[in-house]
Amino acid sequence: NQNFKTLSDSQLHEAILKLTKEEKALTVQLLFHLHECEARRLYAHYMCQSTWEYCAKILGYSESAASERVQAMRLMFRMEEAKVKIENGELNLTNAAQLERHFRLQNKNQISIKLKNKNQKNTINASSADGMINLWKYLAFYFIILKKRAHRCTRHRFRAFFSASS
């Protein structure tokens with residue numbers, strides 16, 4: 001909306017620097033707001049399954065931009081040091097998102113190892129009645145999680161199929 005032809009090169013450069021600084025500050029504020037949105041599960045009020053879906057469908061971010069913001073937000077609240085570095089500009093969204101993916105993958109590997117150890121313990125204790133009950137509780141819990149994941153996945157494919165064919 002501005003007439004750029006009246007600006008000198010240095011004025012244009014200064015304006016770009018100022019806008020970039022403002023954009024980064026607004027992005028940090030957005031991450032704090034997204035964290036509160038996730039804590040309140042505000043996305044559900046807008047018929048979304050997650051903060052990511054809220055960012056992509058309601059806020060209009062591309063899928064990759066939505067992922068970057070959600071992962072950077074999660075890293076901010078996982079590690080205080082990351083929050084400080086994101087706030088002061090030492091850590092950008094892309095790198096923060098990559099770090100969060102790395103930590104999440106590392107956490108999944110640790111959980112997988114714990115489950116393997118738990119399975120081994122349950123197998124060893126399965127001869128006792130208590131061990132059998134614990135094993136059945138564990139398996140029931142595991143299958144409930146699998147069923148929920150399959151239901152979400154099927155629902156997502158169903159929606160994607162019909163929205164693509166329209």
Side-chain angles (χ1 to χ4, degrees), residues 1-118 138 141-142 144-160 163-164:
N1 296 354
Q2 192 172 1
N3 187 359
F4 293 109
K5 293 180 184 192
T6 61
L7 293 177
S8 69
D9 290 349
S10 63
Q11 289 173 323
L12 179 60
H13 176 70
E14 288 301 316
I16 291 170
L17 288 176
K18 180 182 174 209
L19 289 170
T20 302
K21 189 175 183 177
E22 289 172 6
E23 178 189 30
K24 288 179 181 181
L26 286 172
T27 299
V28 170
Q29 287 303 308
L30 174 68
L31 297 179
F32 280 103
H33 282 76
L34 288 177
H35 181 262
E36 186 61 23
C37 171
E38 188 161 78
R40 294 183 188 190
R41 296 178 183 242
L42 180 67
Y43 52 83
H45 295 289
Y46 297 91
M47 306 302 286
C48 296
Q49 299 288 321
S50 65
T51 304
W52 176 86
E53 188 177 357
Y54 175 78
C55 287
K57 293 188 176 172
I58 304 302
L59 302 181
Y61 285 106
S62 68
E63 290 181 2
S64 61
S67 290
E68 255 185 12
R69 279 152 184 77
V70 169
Q71 290 170 356
M73 174 268 298
R74 289 184 179 147
L75 181 71
M76 281 178 67
F77 291 92
R78 177 193 295 263
M79 298 176 63
E80 185 63 33
E81 183 181 356
K83 185 188 292 186
V84 170
K85 289 185 182 277
I86 291 170
E87 286 178 318
N88 68 22
E90 289 179 56
L91 184 61
N92 64 37
L93 283 180
T94 302
N95 292 338
Q98 288 174 346
L99 276 173
E100 175 59 20
R101 280 191 290 272
H102 171 75
F103 288 129
R104 192 177 61 231
L105 180 62
Q106 199 173 37
N107 191 30
K108 281 184 181 177
N109 289 339
Q110 289 172 352
I111 290 170
S112 176
I113 289 168
K114 286 179 185 177
L115 288 177
K116 284 180 184 178
N117 290 339
K118 189 171 185 172
Y138 172 75
F141 177 73
Y142 182 74
I144 288 169
I145 290 172
L146 285 179
K147 185 177 179 183
K148 284 182 180 178
R149 285 185 183 164
H151 177 69
R152 272 195 309 244
C153 186
T154 303
R155 187 173 50 213
H156 176 70
R157 284 192 194 126
F158 183 82
R159 252 194 254 145
S163 65

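Everything numeric here is computed off the predicted structure, so don't read it as measured data.
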To the nearest 0.5 Å, what is the distance between [atom1] on [X] and [atom2] on [Y]?
X	Y	atom1	atom2	value
M47	I58	CE	CD1	10.0 Å
Q98	L91	CD	CG	10.0 Å
E100	M79	CD	CE	10.0 Å

Determine which pairs satisfy side-chain hydrogen bond (donor to acceptor under 3.5 Å, both in side chains) with at least one residue from residues 59-73, sequence neighbours left out, and list them in order.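 Only W52-S67, S62-S64, E68-T94, Q71-R101 qualify under side-chain hydrogen bond (donor to acceptor under 3.5 Å, both in side chains).
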
Side-chain atoms of residues 27-45: list all donor-acceptor pairs with protein atoms under 3.5 Å, sequence neighbours left out, distances to 0.1 Å.
unit_1: T27; atom_1: OG1; unit_2: E23; atom_2: O; d: 2.9
unit_1: H33; atom_1: ND1; unit_2: Q29; atom_2: O; d: 2.7
unit_1: E36; atom_1: OE2; unit_2: R40; atom_2: NE; d: 2.8
unit_1: E38; atom_1: OE1; unit_2: R74; atom_2: NE; d: 3.4
unit_1: E38; atom_1: OE2; unit_2: T51; atom_2: OG1; d: 3.0
unit_1: E38; atom_1: OE2; unit_2: R74; atom_2: NE; d: 3.4
unit_1: E38; atom_1: OE2; unit_2: R74; atom_2: NH2; d: 2.6

Residues forming a side-chain hydrogen bond (donor to acceptor under 3.5 Å, both in side chains) with E87, sequence neighbours excluded: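 So E87 forms no side-chain hydrogen bond (donor to acceptor under 3.5 Å, both in side chains) with any residue.
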
List the residues meeting side-chain hydrogen bond (donor to acceptor under 3.5 Å, both in side chains) with K85, not counting sequence neighbours, and say none if there are none.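 With neighbours one apart ignored, the set is E90.
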
For the residue pair A66 and A56, what are the closest heavy atoms and their distance?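 For A66 and A56, the tightest heavy-atom pair comes out as CB-N, 3.9 Å.
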
To check you understand the geometry: which heavy-atom pair defines the closest contact between A96 and I86, and what is its length?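 Closest approach of A96 to I86: CB-CD1, 3.8 Å.
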
Kindly write out the residues that satisfy side chain to side chain contact (heavy atoms under 4.5 Å, CB included) with I16, not counting sequence neighbours, or none if the list is empty.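 Once residues adjacent in sequence are excluded, the partners of I16 under the side chain to side chain contact (heavy atoms under 4.5 Å, CB included) criterion are L12, T20.
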
With sequence neighbours excluded, tell me which residues meet side chain to side chain contact (heavy atoms under 4.5 Å, CB included) with T6.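 With sequence neighbours excluded, T6 shows a side chain to side chain contact (heavy atoms under 4.5 Å, CB included) to N3, given in chain and number order.
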
Has the side chain of Q11 got a donor or acceptor atom that lies under 3.5 Å from a matching backbone atom of L7?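 It does not hold such a pair.
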
Any salt bridge (Lys or Arg N to Asp or Glu O under 4.0 Å) pairs touching residues 4-20, not counting sequence neighbours?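 Sorted pair list: K18-E22.
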
